[in-house]
S.K.: 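Below is one structure. I have some questions about it.
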Amino acid sequence: MLKLYECEFRSRLLLGTARYPSPAVLADAVRRSKAEIVTVSLRRETAGGKSGGSFFELIRDLGVKILPNTAGCHSVKEAVLTAMMAREVFRTNWIKLEVIGHHDTLQPDVFGLVEAARILSEDGFEIFPYTTDDLVVAERLLEAGCRVLMPWCAPIGSAMGPVNPAGLKAFRVNFPEIPLIVDAGIGRPSHAATVMELGFDAVLLNTAVAGAGDPAGMAEAFALAIDAGRVAHHALPLEPRDMAVPSTPVIGKAVFS
């Protein structure tokens, strides 16, 4: 079971809810994925005259845990205010904390992230911080009160997959008891399997499913890949070698004259 802030879940896939072709497709993707946690951006769904109320009703009808996020926030003040508004709307202390520092890569502003995490933690929030794979930043986030870490594996929406596997592996080694969720940059089910084989506890993604030709089918594929990666990690896969190793014994083989 996946345990996050005293809550337990069977699924290790957290699914975003943005940019789906229609609400019906979104609902189908969530069901096919068997995800039990979905992320929702308060800013996105209430901006531009959208029918936020009907969207939130759809999410609640799916019977999943809502993880509001501060997507689109570029300052500590903005992120904290958005988190507080989300708590009022969704009646939850959970928040996926994003403080964006770079417009092109959407890389987190790690200094603002730590500051916002400290403010929100002191106010009773249970924080899921979107961060880089920097170990020092991770330590500061834990000191600020976070009990989950969510490093990226590539820029948001890039579909590049893990560009620094060694860095992600170091994350697992350095924080063996902390729930680790890879967030951002996953493009294919094979990418999800790879990070799960490294020992991560879960994967959070959105664009790779919402932007697929068949979002529901892709959601199911990711769920299967995540389970496969988790099983493979516990089965202790072979490490890469720099030479061939025969699978058939060469000692005692039959000799024909």
Side-chain angles (χ1 to χ4, degrees), residues 1-5 7-47 50-72 86-87 89-98 126 128 130 148 150 152-153 156-157 159 179-193 195-196 200-231:
M1 299 288 282
L2 174 64
K3 189 172 183 178
L4 303 170
Y5 289 108
C7 296
E8 292 188 339
F9 304 92
R10 293 180 297 276
S11 173
R12 294 177 181 273
L13 171 58
L14 289 70
L15 199 59
T17 57
R19 301 190 176 185
Y20 286 81
S22 71
V25 172
L26 165 60
D28 195 22
V30 173
R31 294 188 186 101
R32 291 273 295 274
S33 72
K34 298 182 180 178
E36 297 171 276
I37 303 171
V38 300
T39 64
V40 175
S41 170
L42 179 67
R43 288 167 55 95
R44 180 185 299 118
E45 299 306 331
T46 56
K50 293 183 179 180
S51 53
S54 60
F55 174 82
F56 298 147
E57 185 177 345
L58 166 66
I59 297 299
R60 291 192 181 98
D61 288 346
L62 290 171
V64 293
K65 176 79 172 178
I66 295 176
L67 174 59
N69 68 40
T70 62
R87 179 164 63 181
V89 171
F90 297 109
R91 309 291 184 185
T92 179
N93 286 325
W94 277 25
I95 192 71
K96 178 190 172 187
L97 183 59
E98 298 182 28
E126 295 176 322
F128 295 70
Y130 164 58
V148 174
M150 300 204 309
W152 70 349
C153 72
I156 291 174
L180 300 180
I181 303 170
V182 166
D183 177 20
I186 294 228
R188 297 177 180 273
S190 57
H191 298 158
V195 298
M196 293 300 291
F200 276 73
D201 297 287
V203 170
L204 193 162
L205 53 85
N206 187 163
T207 308
V209 170
D214 175 7
M218 187 60 73
E220 182 176 356
F222 269 107
L224 294 169
I226 288 168
D227 287 344
R230 178 74 175 175
V231 173

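Counting begins at 1 with the first residue of the sequence. Heavy atoms only: backbone and side chains are in, while hydrogens, waters and symmetry mates are out. The structure displayed is predicted, hence computed values, not measured ones.
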S.K.: Just do the side chain to side chain contact (heavy atoms under 4.5 Å, CB included) check on V38 and L62 with the steps written out, would you?
M.R.: CA-CA 10 Å; V38 300; L62 290 171; 5.6 Å; no
S.K.: List the atom of A29, the atom of V209, and the distance in Å for their closest heavy-atom pair.
M.R.: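 Result for this residue pair: CB-CG1, 4.3 Å.
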S.K.: Report the distance from atom SG of C153 to atom NE2 of H191, rounding to the nearest 0.5 Å.
M.R.: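 Between C153 SG and H191 NE2, I get 8.0 Å after rounding to 0.5 Å.
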S.K.: Find out whether S33 and S11 are in side-chain contact, i.e. whether some heavy atom of one side chain is under 4.5 Å from a heavy atom of the other.
M.R.: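 Not touching, per the 4.5 Å side-chain cut-off.
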S.K.: Going by heavy atoms in the side chains, are F55 and V40 under 4.5 Å from each other?
M.R.: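 Yes, their side chains come closer than 4.5 Å.
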S.K.: Check A202 against L2 and note the closest heavy-atom contact, atom names and distance.
M.R.: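 Closest pair (atom of A202, atom of L2, distance): CB-CD2, 3.9 Å.
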S.K.: Please report the C-alpha distance between L4 and W94 in whole Å, then the side-chain angles of each, then the deciding distance to 0.1 Å, and finally whether the side chain to side chain contact (heavy atoms under 4.5 Å, CB included) criterion is met.
M.R.: CA-CA 10 Å; L4 303 170; W94 277 25; 4.2 Å; yes
S.K.: As an exercise, state the distance from NZ of K34 to CZ of R12, rounded to the nearest 0.5 Å.
M.R.: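 K34 atom NZ to R12 atom CZ measures 15.0 Å (nearest 0.5 Å).
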S.K.: At what distance, to the nearest 0.5 angstrom, does CD1 of I95 lie from CG of L67?
M.R.: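 Going from the CD1 atom of I95 to the CG atom of L67 covers 7.0 Å.
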S.K.: Measuring from atom CZ of R32 to atom CG of L15, what distance do you get when rounded to the nearest 0.5 angstrom?
M.R.: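 Nearest 0.5 Å value for the CZ-CG distance: 12.5 Å.
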S.K.: Does the T17 side chain pair with the main chain of T39, one donor and one acceptor, at a distance under 3.5 Å?
M.R.: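 Judged by distance alone, yes, a pair lies under 3.5 Å.
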S.K.: Look only at the side chain of E36 and the backbone of R10, and say whether a donor-acceptor pair between them is shorter than 3.5 Å.
M.R.: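 Here the side-chain-to-backbone pair exists.
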S.K.: Indicate yes or no: at least one non-hydrogen side-chain atom of T92 is less than 4.5 angstrom from one of E126.
M.R.: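 With C-beta onward as the side chain, the pair stays apart.
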S.K.: A18 and A210: which non-hydrogen atoms are nearest, and at how many Å?
M.R.: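 That would be O-CB, 3.3 Å.
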S.K.: For a 4.5 angstrom cut-off between non-hydrogen side-chain atoms, does Y130 reach N69?
M.R.: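 When only atoms from C-beta onward are counted, N69 and Y130 do not touch, as no gap falls below 4.5 Å.
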S.K.: Does L180 offer a backbone N or O that forms a donor-acceptor pair with the side chain of D201 under 3.5 Å?
M.R.: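 Confirmed, D201 side chain pairs with L180 backbone.
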S.K.: Do D183 and F128 touch side chain to side chain, with heavy atoms closer than 4.5 Å?
M.R.: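 Heavy-atom side-chain distance check fails, nothing below 4.5 Å.
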S.K.: Do L205 and V182 come within less than 4.5 Å of each other through their side chains, counting heavy atoms only?
M.R.: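 With C-beta onward as the side chain, the pair stays apart.
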S.K.: How long is the straight-line distance from CZ of F90 back to CD1 of I66, given to the nearest 0.5 Å?
M.R.: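 If we round to the nearest 0.5 Å, I66:CD1 and F90:CZ are 5.5 Å apart.
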S.K.: Please tell me if the side chains of E57 and D61 come closer than 4.5 Å, counting only heavy atoms from C-beta onward.
M.R.: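 Touching, per the 4.5 Å side-chain cut-off.
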S.K.: May I ask you to test the I59-L26 pair for a side-chain heavy-atom distance under 4.5 Å?
M.R.: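 Yes - at least one pair of side-chain heavy atoms lies under 4.5 Å apart.
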S.K.: Quick one: CD1 on I181 to CD1 on I37, what's the gap to the nearest 0.5 Å?
M.R.: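 I181 CD1 to I37 CD1: 6.5 Å, rounded to 0.5 Å.
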